[in-house]
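Values below: every heavy atom of this structure, side chains too, minus hydrogens, waters and symmetry copies. Index from 1, following the sequence.
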Amino acid sequence: MAFSTTMLAWSVIEFGKFMAPELNNALDAIGWATDYFLKATNTPGFVFAQVGDPFGDHNCWERPEDMDTPRTSFFVSKENPGSEVSAEIAAALAASSIAFKKFKHNVGYSERLLQRAIMVFDFADKYRGSYNDSLGPYVCPFYCDYGGYQDELVWGAAWLLKATKLPNYWNYIKQNIHNVKNYGEFGWDSKDAGINVLISKLLVNNPASKPFNLNADKFICAVLPESPLVSVSYSRGGLLFKTSGSNLQHATSYSFLLLVYAGYLNTVNKKIDCGGGVLASSKRLKQLARSQVDYILGSNPLSMSYMVGYGQKFPQRIHHRASSLPSIDQHPSKINCKGGSIYFETQNPNPNLLVGAVVGGPNINDEYVDSRADFVHSEPTTYINAPLVGVLAYFKSHPL
């Protein structure tokens with residue numbers, strides 16, 4: 001949730017000027033999340049990381065209105081630290097403060113978010129440790145941290161540097177960047193490539209940014225299909241693939257970084273040398289990002305949109321409880337924990353359209369089985385959608 005909020009805020013910071021009337025909706029969505037994070041971090045020395053037991057919740061197929069599983073709250077603290085979840089919340093609060101301030105949308109609220117971000121980051125850094133160790137039985141295997149917490153700490157410091165311009169955050173980044181080595185990774189668990197792209201844009205034409213520029217270049221060369229250094233796969237239809245579930249998270253988050261870094265290349269008038277005669281221009285990065293968006297929206301071998309409600313053909317049986325169960329007006333009586341099983345197992349389309357949601361997507365052979373049970377491919381997530389918001393806003397105003 002925190003990563004989704006950071007990415008939605010970054011979408012607004014970079015591309016909000018292209019969102020027209022949707023800008024206020026995007027800011028409202030960010031504010032919905034940051035209101036929650038303010039509550040979750042309201043007690044100094046504690047960060048509430050999760051509400052509800054995921055084993056119990058996943059065991060039930062219920063409407064949100066009917067949920068009766070325990071709402072147990074799990075927190076990290078000085079004694080049981082969780083630097084990755086705390087630092088990502090700090091990043092989300094800092095990025096959101098910038099978004100609100102940039103568009104003069106509740107400047108007082110923006111300042112409140114920034115002050116809380118500073119406090120939460122200090123807590124994350126001072127009491128270092130992974131929430132895998134303190135909350136492992138409750139957060140794993142669903143929300144385990146597989147990449148360590150060092151990247152979140154540097155990521156949080158980078159957003160606070162952007163929000164405050166204070167030199168102590170720059171010093172922190174320089175002292176800790178050696179812990180961030182996976183330049184080709186970016187997503188809710190690994191912030192490495194995002195750190196390098198963010199700092200490259202933040203320190204334009206500053207010699208101190210050179211190591212970050214070089215690692216951002218490496219990321220681009222690892223993604224470009226024609227690069228001799230490419231480390232991702234592509235389907236025959238042209239969709240980017242990495243090993244993990246919900247693959248479209250990679251297509252959307254990598255496309256976002258491609259667009260942001262393309263803007264940086266334009267600013268410094270540079271091309272990236274990937275070797276083998278491959279020179280990556282700003283235009284090429286935009287083309288690759290556009291190809292991923294077009295694939296998601298229907299330019300693919302199945303001529304299928306993977307955004308629910310968009311186009312003539314899109315997923316009908318998404319792995320989403322509220323979408324798949326009848327609404328209260330259609331079925332006023334309670335549907336208990338196992339009462340929703342018949343709706344999960346039916347081959348009928350979901351009765352409620354979750355308009356705009358993007359699912360995990362097809363397999364590497366460009367095939368898609370429209371099944372609720374196949375959650376790796378049919379489940380929509382906020383961390384797939386959040387970076388796509390900015391990408392769509394850009395291409396709405398910049399058709400290639």
Would you say [X] and [Y] make side-chain contact, with heavy atoms under 4.5 Å?
X      : Y      : answer
Leu114 : Thr164 : yes
Val76  : Leu135 : yes
Ser97  : Arg116 : no
Leu38  : Leu113 : yes
Leu297 : Met307 : yes

Can [X] and [Y] be counted as having a side-chain donor-acceptor contact under 3.5 angstrom?
X      : Y      : answer
Tyr183 : Asp217 : no
Ser4   : Trp188 : no
Asn132 : Tyr146 : no
Ser324 : Asn350 : no
Thr69  : Asp57  : yes
Ser371 : Arg317 : no
Tyr109 : Thr34  : yes

> At what distance, to the nearest 0.5 angstrom, does NE2 of His377 lie from CD1 of Ile318?
Replying inline: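 Answer for the NE2-CD1 pair, His377 versus Ile318, is 15.5 Å.
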> Ser134: what forms a side-chain hydrogen bond (donor to acceptor under 3.5 Å, both in side chains) with it, not counting sequence neighbours?
Replying inline: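 Ser134: no side-chain hydrogen bond (donor to acceptor under 3.5 Å, both in side chains) contacts found.
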>> Restricting to side-chain contact (heavy atoms from CB on, under 4.5 Å), what partner residues turn up for Pro54, sequence neighbours left out?
In response: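 Pro54: side-chain contact (heavy atoms from CB on, under 4.5 Å) contacts with Gln50, His58, Phe142, Tyr143.
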>> The criterion is side-chain contact (heavy atoms from CB on, under 4.5 Å); which residues satisfy it with Phe18, sequence neighbours excluded?
In response: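 Phe15, Ala393, Tyr394, Ser397, His398.
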>> Tell me whether the rings of Tyr306 and Tyr295 are parallel (<30°), tilted (30 to 60°) or perpendicular (>60°).
In response: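 Rings of Tyr306 and Tyr295: parallel, under 30°.
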> side-chain contact (heavy atoms from CB on, under 4.5 Å) with Leu258: which of Val391, Leu240, Ile220, Val197?
Replying inline: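 Going through Val391, Leu240, Ile220, Val197 one by one, the side-chain contact (heavy atoms from CB on, under 4.5 Å) with Leu258 is satisfied by Ile220 alone.
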>> Given Phe212, which partner from the list Leu202, Leu198, Asn196 fulfils the side-chain contact (heavy atoms from CB on, under 4.5 Å) test?
In response: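 So, applying the side-chain contact (heavy atoms from CB on, under 4.5 Å) to Phe212 and each of Leu202, Leu198, Asn196, only Asn196 qualifies.
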>> Just checking Phe75 against Phe46, ring centres under 6.0 Å apart?
In response: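 Centroid distance Phe75-Phe46: below 6.0 Å, so yes.
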> For the ring pair Trp61 and His320, is the centre-to-centre distance below 6.0 Å?
Replying inline: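 Not close enough - the centres of the two rings lie 6.0 Å or further apart.
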> Between Arg63, Lys334, Lys338, which is the residue that forms a salt bridge (charged side-chain N to carboxylate O under 4.0 Å, His left out) with Asp68?
Replying inline: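 Going through Arg63, Lys334, Lys338 one by one, the salt bridge (charged side-chain N to carboxylate O under 4.0 Å, His left out) with Asp68 is satisfied by Lys334 alone.
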> Tell me the disulfide (SG to SG under 2.5 Å) pairs involving residues 245-331, sequence neighbours left out?
Replying inline: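 Matches after skipping sequence neighbours: Cys221-Cys274.
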Neighbour count >12 (heavy atoms, 6.0 Å) for atom [atom1], [X]:
X      : atom1 : result
Arg236 : CZ    : no
Asn365 : CG    : yes
Lys283 : NZ    : no
Lys78  : NZ    : no
Phe344 : CZ    : yes

>> Under the rule for salt bridge (Lys or Arg N to Asp or Glu O under 4.0 Å), what residues qualify as partners of Lys201, not counting sequence neighbours?
In response: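 Partners of Lys201 by the salt bridge (Lys or Arg N to Asp or Glu O under 4.0 Å) criterion, ordered by chain and then number, come out as Glu14.
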> Under the salt bridge (Lys or Arg N to Asp or Glu O under 4.0 Å) test, which residues partner Lys313, sequence neighbours left out?
Replying inline: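 Not a single residue meets the salt bridge (Lys or Arg N to Asp or Glu O under 4.0 Å) criterion with Lys313.
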> Knowing that exactly one of Tyr383, Tyr254, Phe3 qualifies, which makes a ring-ring contact (aromatic ring centres under 6.0 Å, His included) with Phe186?
Replying inline: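 Only match with Phe186 under ring-ring contact (aromatic ring centres under 6.0 Å, His included): Phe3.
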>> Walk me through whether Asp35 and Lys39 qualify under salt bridge (Lys or Arg N to Asp or Glu O under 4.0 Å).
In response: CA-CA 7 Å; Asp35 281 351; Lys39 293 176 184 177; over 6 Å; no
>> Looking at every non-hydrogen atom in both residues, tell me the closest pair between Lys270 and Asn213 and how far apart they are.
In response: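 Minimum heavy-atom contact is NZ-CB, 4.3 Å.
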> Which pair of heavy atoms, one from Met67 and one from Arg71, lies closest together, and at what distance?
Replying inline: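 Looking at all heavy atoms of both residues, the shortest contact is CE-NH2, 3.6 Å.
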> Can Arg372 and Glu379 be said to form a salt bridge (Lys or Arg N to Asp or Glu O under 4.0 Å), step by step?
Replying inline: CA-CA 8 Å; Arg372 292 177 205 94; Glu379 185 175 25; over 6 Å; no
> Got a salt bridge between Lys191 and Glu152, using NZ or NE/NH1/NH2 to carboxylate O under 4.0 Å?
Replying inline: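 The answer is yes: the pair qualifies as a salt bridge.
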